[in-house]
Amino acid sequence: GDFADFVVQNGRDDVLFIQCFFIFRYGIGMIYYKQEKFNLAEILFRKALSINPSSSVLFCHVGVVSSLSVVYLAGAASNQ
């Protein structure tokens with residue numbers, strides 16, 4: 001499962017700890033986004049979304065990187 005579930009099950013229900021892990025996943029996802037590694041960015045954004053499912057910003061990022069992944073894959077396929 002989910003990291004947040006692991007934290008709670010092991011007695012680390014510290015909201016700050018979970019929030020820091022959310023920020024970490026979001027931040028690394030943004031780095032991958034800037035590097036145009038959209039598939040990796042999408043993975044991290046989705047993992048962050050599992051911690052904070054009500055984040056409209058994350059939903060937008062997932063949509064953007066999903067569509068960009070498709071565009072870049074189509075472009076790469078046409079170049080071969």
Side-chain angles (χ1 to χ4, degrees):
D2 184 87
F3 181 77
D5 293 336
F6 171 81
V7 170
V8 172
Q9 289 170 0
N10 289 293
R12 294 288 315 258
D13 56 355
D14 185 298
V15 174
L16 182 60
F17 183 76
I18 294 171
Q19 184 66 22
C20 287
F21 203 75
F22 166 79
I23 292 168
F24 168 77
R25 285 180 167 171
Y26 174 76
I28 300 298
M30 287 302 293
I31 290 170
Y32 283 139
Y33 171 75
K34 296 289 185 179
Q35 294 175 343
E36 298 181 356
K37 297 177 180 178
F38 301 121
N39 55 340
L40 296 174
E42 183 178 359
I43 291 167
L44 285 163
F45 288 150
R46 287 186 185 276
K47 286 182 178 187
L49 201 54
S50 74
I51 295 171
N52 186 1
S54 63
S55 174
S56 58
V57 171
L58 275 175
F59 273 111
C60 290
H61 284 308
V62 168
V64 168
V65 295
S66 294
S67 62
L68 288 172
S69 292
V70 171
V71 169
Y72 270 68
L73 288 175
S78 67
N79 288 336
Q80 292 180 354

Who passes side-chain hydrogen bond (donor to acceptor under 3.5 Å, both in side chains) against Tyr26, sequence neighbours left out?
His61
Partners meeting side-chain hydrogen bond (donor to acceptor under 3.5 Å, both in side chains) with Asn39 (sequence neighbours left out)
none
Partners meeting side-chain hydrogen bond (donor to acceptor under 3.5 Å, both in side chains) with Ser54 (sequence neighbours left out)
Asn52
Could you tell me which residues satisfy side-chain contact (heavy atoms from CB on, under 4.5 Å) with Ser66, sequence neighbours excluded, listed by chain and number?
Glu42, Arg46, Val62
Output every pair passing salt bridge (Lys or Arg N to Asp or Glu O under 4.0 Å) with a member in residues 27-38, not counting sequence neighbours, ordered by first then second residue.
none
d(Ile51 CD1, Ile23 CD1) to nearest 0.5 Å is 10.0 Å
So, for Phe59 and Leu49, which heavy atoms are closest and what is the spacing to 0.1 Å?
CE2-CD2, 3.7 Å
Tell me the closest heavy-atom pair linking Gly29 and Ala41, and the distance in Å.
O-CB, 3.4 Å
Identify, with sequence neighbours excluded, every residue that meets side-chain contact (heavy atoms from CB on, under 4.5 Å) alongside Leu44.
Arg25, Ile28, Tyr32
Side-chain contact test, heavy atoms from C-beta onward, threshold under 4.5 Å: evaluate it for Phe45 versus Val64 and give yes or no.
no
